[in-house]
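First the proteins, then the strands, lettered A, B, ... as listed; each starts at 1. Note that the structure is predicted; figures quoted are calculated from it, not measured.
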Amino acid sequence: MNKYLKKMQSAFVRPVAMVFLIIVMVVMASSLVSSAEAGSQAVKPAYALVNCRIFPVAQPVIEKGTIVIRDGLIEAVGPAEKVQIPEDAEIIEANGLNAYPGLISAHTNLFLETKEQSQTAAPEDYLAAFSQPTEPKELPWLQIVEKVKPKKQTVEAYHRIGITTVVVAPHEGIFQGQGVVLNLNSDQVNEMVLAQPWALHINFTTERGVYPSSPMGTLAFLRQKFFDTQHYSQHLQRYRQSPQFLKRPEYDPFLEALLPFVIDKKPIVFQCNNLEEIKRAVKLIKEFKLNAVLTGCNEAWRVSQQLKSASIPLLVTLDFRPPASSVYAQQGQATREKAEKEIYPANASNLAKEKINFSLTSFGLNDTNFVKNLRAAIKAGLPADQALRALTIEPARTLGLDKQLGSLEPGKIANLILTKGELFDEKTSIVKVMVDGTLFTYEEKGQ
Amino acid sequence: MKIKNMKVNRIKPVLLKNKNQLVFLAALLGLTLLSIYSFPFPAAAQTEDKAEVTAIVGAKIVPVTGPVIDSGSILIRNGRIADLGANISIPSGAKVIEAKGLIAYPGMIDSYSWLGLEEISGVRATVDNRETGRINPQVKAIEALRYDSMHIPIARANGIVAAVVVPSGGLISGQSTLVKLEGWTNREMVIKESLAMIIELPALRRSRGEFAGFGRQQPQVTTEKILDELRQIFQKARMYEKRREAARKNILLSPPDFDEASHFLLPVVKGELPVIFSVHADKDILQTIKFVQEEKIKAIFYGVEQGFKVAKEIKEAGIPCIIGSLYSLPPVWEDGYDALFLNPVILNQAGVKISFSSSSASTAKDLPYHAAKAAAFGLKPEEALKAVTIYPAEIFGVDKLMGSLEPGKTASIVLADGDLLELGTKIQKVFIDGKEVSLENRYTELLKKFEQREADK
Amino acid sequence: MREKIKKTGLLLSLLVFFLSSASWLLAGGDLLIKNATILTVTGNTIPNGDVLVINGVIKQIGQNLTAPAGVRIIEANGRYLMPGIIDTHTHIALSGTNEGTDAITPEVTMAEVVNADDTSIFTALSGGVTMVHTMHGSANVIGGTNVVLKLKWGKPSEELIVKEAYPTLKFALGENVKQSNRTLLPGRPQRYPATRMGANALIRSELMRAKDYMAAWDHYEQLKKSKNPPANLLPPRKDLRLETLADLLRGKLIARCHAYVAPEMIEFLNLSREFGFKIGAFEHAWEAYKITNELKAAGVGISVFIDSWAYKMEAAEGIAYNAAYCTQKGLLVSINSDSGERIRRLFNEAGKSVKYGLTQDEALKLITINAAKQLGVDRLVGSIEVGKQADLALFSQHPMSAYTRCEMTIIEGDVYFDREALLKERAAASTKKGGLS
């Protein structure tokens, strides 16, 4: 029980509203810890990026502009003639470069020890229910931040594809635990944390050999837990007011962990691996009036009408593999490959056409596939500016971090990327990346 | 074919003489076969005067190999068809079976079954068709055959008179047997004790599952690799024989140690004993044809779900095909929902000799329905009928003995009240080797037992 | 010829793409079928008859009917038109089959895991099947609630569900639930129940719990409504498992019970009397022929295989006469597939019953009107009658013949399977690809 209590504390005593303080702490910490990439300055310098083309996302493009950065935050952004370069700023000549806000992938399983989960569970095997039971993986209290082991290599690989902020989500079980938002500023977890916990992650998966072992069992299990949480909360509340006529509610760590999400409506992320799971999630969300986000959703276009009316934030993966249950996966290899190449890449553009807001994520993909698939989505009709928003301001809003991230505006965190060429072009190289005001420089492509 | 024509046109005295010759010829043939396969030949030594004659009269006769006789008679003597035709005279003293309104067919042959090796598939103690291990050329289906299996009388009551019974579950699964569905012991049932070696190549990769369709393993290795392995096994058998032969001739040489697999594969590598290859994908079929030709072995294919894609090649190779169960989904979705139904049609049109199989024990009785299913998708009904009668007889080298209604052949006759392959048809009488067999079975016995409950009230 | 087949997959996938996007294949629910041999099932067979369908409903049956302008006309050329086939026991079009972990899982709902993408739907349509009762598996004593679907291939899952059908709850008895055919894994205890005694006892106890649960809620509601409700009145915990069982006891759900041997059926009948719940039908019911009196007295029908038997001990006395004999004894009998493969030849399975004593007309009922009655949808489907939904199947020959083939399958006036069109597309695709044949 003590162990649970401790976990509860780490999970809930820090309110999300304290994100600001955390940021301050991060900034302070990073000013103390030397950053090898940035050239071992004890105190982060102020920078002035000059003569670059700026894509602020929130405002129109600035053809020739200046960005001033100080203490990890953006101090000023604007046309060259309007922004004064501070005296103490280190000037970075960015002529011929484009500046964008750093990209956000709002669902990854980065830095976790077990290998990344494949996007979709296979359709239920008749025998699966009877195979040897494993330990249930239901850990709604799990704080994934405690399991994260960042690697410098991965951080750099993500810089090279423009990603500066990620959500690391737990990935085992149905009630998987609580995710964390990390800024890819270093390989030190505590420095990286932007929001903790971010949300409770739920996946419509199954347990092996123990309840629930089937998709319908999982739904019943979820629903029962939500009802139980409501009842538990009601019971606790009554008892706190007056114990008269009441049995003392027995402490239930599972339900305790669910209280902030089911009762206090903190965000829950439902992982939807196929068309039907999107519908199931929408139904549950409505039924229990949850504050929810859907992730996965590579078949979202097939339920666009329902999604339009539900107005639930979407984190759409760029993983184009048809889910096993899909009609596109059941009719032979040729059909499946064709669908992966021609149908699924148009998911995002179809959503855009329907005017459904969404973020794009790298969930289920490695760095190379992410870039490849992002280009494929744009080729399939997604306007580039919409793709940019779906990787910057949209996820920032969904994460509740739009005051901090998602655009190049004064006061926001200095997460930005400098490219040679337009961001999504094939030949484009990302040459400089700044995260929390720390500068990383990379070789140009083909050099 | 010639024999049939002769028969129809002869007048009676000549016919009798001619028949004598036929019986003699058949006996001679039987003896020849006997010397190779040692199957018991029905006693034909008695003189015909003493032999009891049974006459089926007034039936519509479908000989399969000749034109339909709208109303005719069949004479049975010494277990053989003595004569048949529209206007043959019935000898006095013959046991007459009035068959007006019934149709006489040759009994059907199930080309691939587990009859007698599997009673209740879910109860392991009653299952004898799967030996452990991969290489078992030494095991023989006949030696485990449960002659009083409850499934045999049920199949018989549906007009099936003979079946190939196969061991399964390995690479070289063992020796199949051809039995008639009548006899007081397993040995009494034998037509060909050792019919063919069963070799099972990897199954087609299923593009989708079917409910409760577990059991078929995904192929772990390619057919190419398996065929390489077989090449080595066969080569080893040949060398084994050579060394034994050499040792026999030269007393100074020591014979090789007994090698079970090599020993029991000898008839195969010598080209004496055919092999039934369970083979499924088009590419695998082509590879297996090549293998068979290089290894100079006698082959029959079984399964051949994608045979339609390489029908020409199969025809050219002259390899007959036993069609697997049509109670199955096409293993490859792209082949089309009706691929399994069209497959026998296309093979037949290409000139490949096909036969149908139940691939079952508990539903062996459904053999005619597999054939009818293919007919529903374009196989000519006459061809469908042949593919459960004369074609399997030819494939298994017993067409001189069975598979059609012709004088000289064993009298394995089915009297039905309708089309033999039709679902609603009731089989009225079945004769095996001239003897009328009981159509009672587990179904009828249990029904009677509980109908009695009503009667008792 | 073989090239044609090679291309089928491509074609079928194209078909799916079209289905999901366009409605060219769907005639919009209006049809005139001309010159068919109409097997009405509930009335006389009409040779050379026409059926007019407007808005998915059968408007007129007769001869020389004319269609309003623009209505698609299907020339049947004397082929056989029958009501769409109804399969009373399948597990197709679902994301899962068994919640096989606990012995009692009535809280699971199959209607929530319908997968309209399952290609088994197409397979079933190719055999003239238009409606299925798709069920929880038989791994546990009380499974989940089942769902009835129309096989509208290409439509979203929610549009498949037939809301008018009886809500049913799956029970299972015998070898599957006592897990007698399973090898125990090391370190894993045998699940309760391991005997038929245990299975029955478990059902009884769970229903007693459900009764208590209902009483607790009644008590709560009573107190809540009273003039002076006690302070701190807390509702009982909502238990989805017991909620479902309470619905069974309230008559809102009907039991469908997987059972093989006679005694387990007799004892389930007794349980239904003891607790006052309704039984829709026994599933498989291999030994029903032994207890026709009891079943008839209880008014309980059976949903059975025609002859798939001897796959386990409890199926070793399953005789092919079962369906025919029970029909003759006055039971309501349907033939089911319980398989994503057998479903496409369910008409053959019904046809076999002719051999065992039924007429072709009686055999047809096993997969049409009888099935509709068992699912509570006989006023909507199951026969060709004016006013019923136009769920139809066209066969090349009499559907009870072994030589027949399904040519077209229609649901509510929309064509969902059309063999001729499919063959044309195959031919077109093979030409397009440069194929010669």
Among B:Glu119, B:Gln306, B:His151, which has the most heavy-atom pairs under 4.5 Å with chain C? B:His151
Specify the closest pair of heavy atoms between C:Ala402 and B:Leu423, including all atoms of both residues, with the distance to one decimal. CB-CG, 3.7 Å
Is it true that B:Asp338 and C:Arg344 have a side-chain N and a carboxylate O under 4.0 angstrom from each other? no
Could you tell me which non-hydrogen atom of B:Arg442 sits nearest to which non-hydrogen atom of C:Ala316, and how far apart they are? NH2-O, 2.9 Å
Do C:Lys355 and B:Lys365 touch side chain to side chain, with heavy atoms closer than 4.5 Å? no
Find out whether C:Tyr321 and B:Thr444 are in side-chain contact, i.e. whether some heavy atom of one side chain is under 4.5 Å from a heavy atom of the other. yes
Close side-chain approach of C:Arg419 to B:Phe377, heavy-atom, < 4.5 Å: yes
Turns out that what part of B:Ile154 lies under 4.5 Å from chain C's heavy atoms comes down to side chain
Identify which part of B:Ala157 has an atom lying under 4.5 Å from any heavy atom of chain C, answering side chain, backbone, both or neither. backbone
CG (B:Leu329) and CZ (C:Arg342) are apart, to the nearest 0.5 Å, by 11.5 Å
Close side-chain approach of C:Lys352 to B:Tyr369, heavy-atom, < 4.5 Å: yes
Over all heavy atoms of both residues, which pair between C:Asn348 and B:Lys373 is shortest? Give the atoms and the distance, please. OD1-NZ, 2.8 Å
Which atoms of C:Tyr325 come close to chain B, meaning under 4.5 Å heavy atom to heavy atom: side chain ones, backbone ones, both, or neither? side chain
Residue B:Asp417 versus chain C: region with a heavy atom under 4.5 Å: neither
Between C:Met313 and B:Val123 the two heavy atoms that sit nearest each other are N-CG2, 3.9 Å
Below 4.5 Å from any heavy atom of chain C, which atoms of B:Lys449 appear? Answer side chain, backbone, both or neither. neither
Could you tell me if B:Ser328 and C:Glu341 have a donor-acceptor pair between their side chains, going purely by distance under 3.5 Å? no
Please look at B:Thr363 and chain C and tell me whether the side chain, the backbone, both or neither of the residue comes under 4.5 angstrom of a heavy atom of that chain. side chain
Check the side chains of B:Tyr443 and C:Asp307 for a donor-acceptor pair under 3.5 angstrom, ignoring hydrogens and angles. no
Per-residue contact mode, B:Asp366 against chain C (heavy atom under 4.5 angstrom): side chain
How many angstroms lie between atom CG of B:Leu446 and atom CD1 of C:Ile319, to the nearest 0.5 angstrom? 6.0 Å
Under a 4.5 Å heavy-atom cut-off, does chain B meet the side chain of C:Ile291, its backbone, both or neither? both
Charged N to carboxylate O below 4.0 Å: is that the case for B:Arg453 and C:Glu294? yes
d(B:Ile120 CD1, C:Trp309 CH2) to nearest 0.5 Å is 8.0 Å
Crowding at NZ, C:Lys296 (>12 non-hydrogen neighbours, <6.0 Å): no
Checking heavy atoms, do the side chain of B:Leu379, its backbone, both or neither come under 4.5 Å from chain C? neither
Measuring from atom CE of B:Met150 to atom CD of C:Glu317, what distance do you get when rounded to the nearest 0.5 angstrom? 9.0 Å
Distance check, rounded to the nearest 0.5 Å: C:Thr119 atom OG1 versus B:Tyr337 atom OH? 15.0 Å
Between chain B and each of C:Ser180, C:Ser396, C:Ser308, C:Ala320, count heavy-atom pairs under 4.5 Å; write down the option with the most. C:Ala320
Report the distance from atom CG of B:Leu421 to atom OH of C:Tyr403, rounding to the nearest 0.5 Å. 3.5 Å
Can you confirm whether B:Lys426 is buried at NZ, in the sense that more than 12 heavy atoms of other residues, nucleotides or ligands lie under 6.0 Å from that atom? yes
Assess C:Arg345 against B:Tyr327: is NZ or CZ under 6.0 Å from the centre of the six-membered ring, and within 45 degrees of the ring's axis? yes
